4 protein chains.
Amino acid sequence: MTLEKEDYKEEQRNKVLAGALECFAQKGYEGATIDDIVNESGVSKGSIYKLFKSKEEIYFQLMSQNSKELMDEINAVISKHTSALDKLTALFTEYLGREVNSKVFKSFLVQSEFELFSSRREDLRELLEERRRAKVNIISDVIHEGINNGEFRKEIDITVHADIFWSYMHGNITHKILYPDLPYQELVNGQKESFLKKIRK
Amino acid sequence: MTLEKEDYKEEQRNKVLAGALECFAQKGYEGATIDDIVNESGVSKGSIYKLFKSKEEIYFQLMSQNSKELMDEINAVISKHTSALDKLTALFTEYLGREVNSKVFKSFLVQSEFELFSSRREDLRELLEERRRAKVNIISDVIHEGINNGEFRKEIDITVHADIFWSYMHGNITHKILYPDLPYQELVNGQKESFLKKIRK
Amino acid sequence: MTLEKEDYKEEQRNKVLAGALECFAQKGYEGATIDDIVNESGVSKGSIYKLFKSKEEIYFQLMSQNSKELMDEINAVISKHTSALDKLTALFTEYLGREVNSKVFKSFLVQSEFELFSSRREDLRELLEERRRAKVNIISDVIHEGINNGEFRKEIDITVHADIFWSYMHGNITHKILYPDLPYQELVNGQKESFLKKIRK
Amino acid sequence: MTLEKEDYKEEQRNKVLAGALECFAQKGYEGATIDDIVNESGVSKGSIYKLFKSKEEIYFQLMSQNSKELMDEINAVISKHTSALDKLTALFTEYLGREVNSKVFKSFLVQSEFELFSSRREDLRELLEERRRAKVNIISDVIHEGINNGEFRKEIDITVHADIFWSYMHGNITHKILYPDLPYQELVNGQKESFLKKIRK
DNA sequence: TATGAATGAGCCTTCATTCAT
DNA sequence: TATGAATGAAGGCTCATTCAT
């Protein structure tokens, strides 16, 4: 009953978020209108505003949700492998295989815009930083593990390399989004090799 | 006289573009209003619309100009050095030293937004591609030179590595813009080493 | 059973009207939403619309009910006294003693807004007039009685003085609502004296 | 030049305020839309929002302006007479003669709504009080003068009677607005007599 | 029957663009 | 030519009312 109702609301919320993701990916945050989201999600304007306080809140919740999903996916990939090297390799190749039209890429596109958006707003700086920490921590843990395993060198600065990893990812995925016809695979392979060469024993 | 007039117009145009850069950097393309640009540039609204057809045109011309300036700067850096290795090294360190508030970073921020913007518009895809080619060509030339010089390995795929170079740059600068308090220098050094290690003999 | 059902409906209707009074008093007619009334009354939206055709109808019925209640209260006060003078005196003092937060004052506040509202709507003019007649009649009767009793002067225009009475009341209560910290009692006493002095023999 | 421009803006502002007065009088503050004001004033929506920050600001400025105008009018009436008694008498009769459709009555109607509006908003309480003070002061001064002149009794509480004066006025004008067909004149005369009888020697 | 989710007209406000001076 | 006032389309959001369960 109450549970069902909550489930239903959750479902509606997800429909809105899914529609918003599509719209923001297609037209950008400012370019997408609530009516666009209404059309895309099939949820009426009034309902949307019962579910979310404002367009901005939709944006934030979408970003938050996507961020969590990204983390979950990464953790899923990581847990499929045992050696630290395999884990990192898998992360590189994992994103490599996706379609540019896949949800992951759409999310990334919207996340990229959100990052620019946040960088202009003092009140979102902390959120940005928090998200960076989450991403860095995941990779730091793997590198740490690799060092303990004897796979990676002791001397490397773990945090810096985790940051470098994400900087690679960022440049990479952006590249693929902007220039979808490029020989992306070779590019990623190149970066993967560079990165791993630096940290492997 | 006509020349003088032309000069004056040029000057006004530049004032508008400079103002627009500032505004777009601070508020984003959609967030910045024509009135913002009027205030920032000191050029009246009427004049702006005499100089440019629309807000979008200001955007495009600003992006085009910035793109050229970027190329000029890069060429300037490159021509200060003789060996290919020094040239690439300088490019890495050149950006490394800038202030996040410098014009280069502002330009980059706005360029980043523009790239997302373009990626959503079919009619700008070609422009995007063109700009990529320009950037890739500069680096390709240096790598090519390095190969001929015997500094770099013969076997490497020149274009792919030029792309990788820019992917690095992108991830890098984005990182610095988003997280200005990070130990950016170490990060860039790390990437520089990775990259150069891969292509050097 | 049908009777019981009718009672129940009546009870619900009253809950809605009570809630509406509270809401309209706090936020004004336009400012109060149906949801406010739902929250305040504890009656669901669907039920409210089963009980009343529209928000406006709630307003009208509330005003009508309040008007009747006001008349009842006045009659109650009047019937407690025997001389006409005492009756009028009691009416002055009766309102004097109330709390600004009392239901009477809330009603008055909402009635005041309703009067302005009605004065702008041709179709409500007659209703307005009718309510005035009811109020004037009550006082007219008392004055009439006083004249017959020999308490009041024969020459006074009964209707005019009944109107003056209500004009006093209106200015008075409005004053108290708008400026709750004023020495209201002295004010009312002053008016009471003025009024009574004019009509007493 | 700048002066002219300022004059022009002032003129536009007045057009908007005049239009707003008309609209608010006809439909009430909430009922009147910006589009109504656009139509009534002949000033476009964009221009209105260059002149005023919001609909509420139009409201406040209109109320403030009207309040001042009311004071000016009262002062004008007062200064036409020399004895305190004549001054007060004139104030009673001055309003008596107006048409219900006159600007004064429209203003009063809108002011009445504004008073109810303010009484519901903590942040406007002070403004309300301030306006009461201004009105009370004018009358207090006259009564004071009358006491010094020997026209009025020494013992009366000046402020209380100034308040009573306005309470009369309020009840009075409201009466006329609500029931325009009433024998208003007799009513006012009655009140005038009551009031003056109480304070005269 | 009772509920509250769904709907969408309509509001206030912004801002790119035009136009009169 | 230079200016900024004028315009109104379009967007975010609210809320009275309806409707499905």
Side-chain angles (χ1 to χ4, degrees), chain A residues 1-2 4-5 8-9 11-12 27 29-38 42-59, chain B residues 5 8-9 12 27 29-39 42-59, chain C residues 5 8-9 12 27 29-39 42-59, chain D residues 1-2 4-5 8-9 11-12 30-38 42-59:
Chain A
M1 38 216 76
T2 312
E4 257 172 43
K5 217 193 279 175
Y8 176 69
K9 266 180 98 171
E11 199 183 309
Q12 289 290 92
K27 308 189 173 187
Y29 171 63
E30 314 252 17
T33 70
I34 293 291
D35 279 301
D36 289 334
I37 298 177
V38 167
V43 179
S44 78
K45 213 184 306 197
S47 298
I48 289 182
Y49 276 93
K50 215 157 220 145
L51 262 13
F52 301 90
K53 221 173 54 222
S54 64
K55 187 184 172 189
E56 208 180 70
E57 211 198 59
I58 298 177
Y59 197 28
Chain B
K5 224 192 271 174
Y8 175 70
K9 269 180 95 170
Q12 290 290 92
K27 309 188 171 184
Y29 171 63
E30 312 256 16
T33 69
I34 294 292
D35 278 300
D36 288 334
I37 298 176
V38 167
N39 290 333
V43 179
S44 77
K45 214 185 302 198
S47 299
I48 288 182
Y49 273 90
K50 210 138 254 160
L51 260 17
F52 301 89
K53 218 173 60 216
S54 65
K55 186 184 174 188
E56 209 181 68
E57 210 197 59
I58 298 176
Y59 197 29
Chain C
K5 222 193 270 175
Y8 175 68
K9 268 180 98 171
Q12 289 291 92
K27 308 187 171 185
Y29 171 63
E30 312 256 16
T33 69
I34 294 291
D35 278 300
D36 288 333
I37 299 176
V38 167
N39 292 333
V43 179
S44 78
K45 216 186 303 200
S47 299
I48 288 183
Y49 273 91
K50 210 139 254 161
L51 260 15
F52 301 89
K53 217 174 60 219
S54 64
K55 186 185 173 186
E56 207 179 69
E57 210 196 60
I58 298 176
Y59 198 29
Chain D
M1 38 217 75
T2 312
E4 258 171 43
K5 218 193 276 174
Y8 176 70
K9 267 180 98 172
E11 199 184 309
Q12 290 290 92
E30 315 252 17
T33 71
I34 292 292
D35 278 300
D36 289 334
I37 299 177
V38 167
V43 179
S44 78
K45 216 185 305 197
S47 299
I48 288 182
Y49 275 93
K50 216 159 220 145
L51 262 13
F52 301 89
K53 222 173 55 222
S54 64
K55 186 185 172 188
E56 206 181 70
E57 210 197 60
I58 297 176
Y59 198 27

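Heavy-atom basis, side chains included; hydrogens, waters and symmetry copies ignored. Order of the sequence lines fixes the chain letters, A, B, ..., with proteins taken first and strands second; residue numbering starts at 1 for each chain. Predicted, not measured: the structure shown is a model, and the values here were computed from it.
- Of the listed nucleotides (dG12(F), dT7(E), dT3(F)), dT3(F) has the atom at the smallest distance from the side chain of Ser44(B).
- Where Val43(C) and Asp35(D) meet DNA chain E, the nucleotide closest to each residue was compared, and Val43(C) sits on the side nearer the 5' end.
- Here the side chain of Lys27(C) pairs no donor or acceptor atom with the backbone of Thr33(C) at under 3.5 angstrom.
- One can find a donor-acceptor pair under 3.5 Å joining the base of dT17(E) and the side-chain atoms of Lys45(B).
- An OP1 or OP2 oxygen of dA2(E) is reached within less than 4.0 angstrom by no side-chain nitrogen or oxygen of Gln12(C).
- Within the structure, every side-chain polar atom (N or O) of Lys50(D) is placed at least 4.0 Å from both OP1 and OP2 of dA5(F).
- Stem analysis of DNA chain E (at least three stacked-register Watson-Crick or G-U pairs, each with both distances under 3.5 Å) gives E:2-21 with F:2-21.
- When all heavy atoms of Tyr49(B) and Lys55(B) are compared, the closest pair comes out as OH-N, 4.3 Å.
- Taking OH of Tyr29(B) as the reference point, atom CD of Glu56(B) lies at 4.5 Å (rounded to 0.5 Å).
- Each of Ile48(C) and Leu51(A) has a nearest nucleotide on DNA chain E; the 5'-most of these lies closest to Ile48(C).
- Considering only side-chain N and O atoms, Tyr8(B) lies under 4.0 angstrom from the phosphate OP1 or OP2 of dA2(F).
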Next on the checklist: If you apply the rule side chain to side chain contact (heavy atoms under 4.5 Å, CB included), what do you find for Leu51(B) with Ile48(B), and how did you get there?
Outcome noted: CA-CA 5 Å; Leu51(B) 260 17; Ile48(B) 288 182; 5.7 Å; no
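- Distance Asn39(C) CG to dT3(E) P: 13 Å, rounded to the nearest Å.
- By the salt bridge (Lys or Arg N to Asp or Glu O under 4.0 Å) test, Lys45(A) is found to be paired with Asp35(A), residues two or more places apart in sequence or in another chain being considered.
- Listed pair Thr33(C) / dC15(F) fails the phosphate criterion, with no side-chain N or O lying under 4.0 Å from OP1 or OP2.
- Proximity of Tyr49(D) to the phosphate of dT13(E): a side-chain N or O atom is located under 4.0 Å from OP1 or OP2.
- Atom P of nucleotide dT13(E) and atom NZ of Lys55(D) are separated by 8 Å, given to the nearest angstrom.
- Of all the heavy atoms in Glu57(A) and Lys53(A), the pair that sits closest is OE1-N, 3.1 Å.
- Nearest heavy atoms, Val43(A) versus Ser47(A): CG1-CB, 3.5 Å.
- Phosphate contact (OP1/OP2 of dA5(E), side-chain N/O of Ser47(A), threshold under 4.0 Å): absent.
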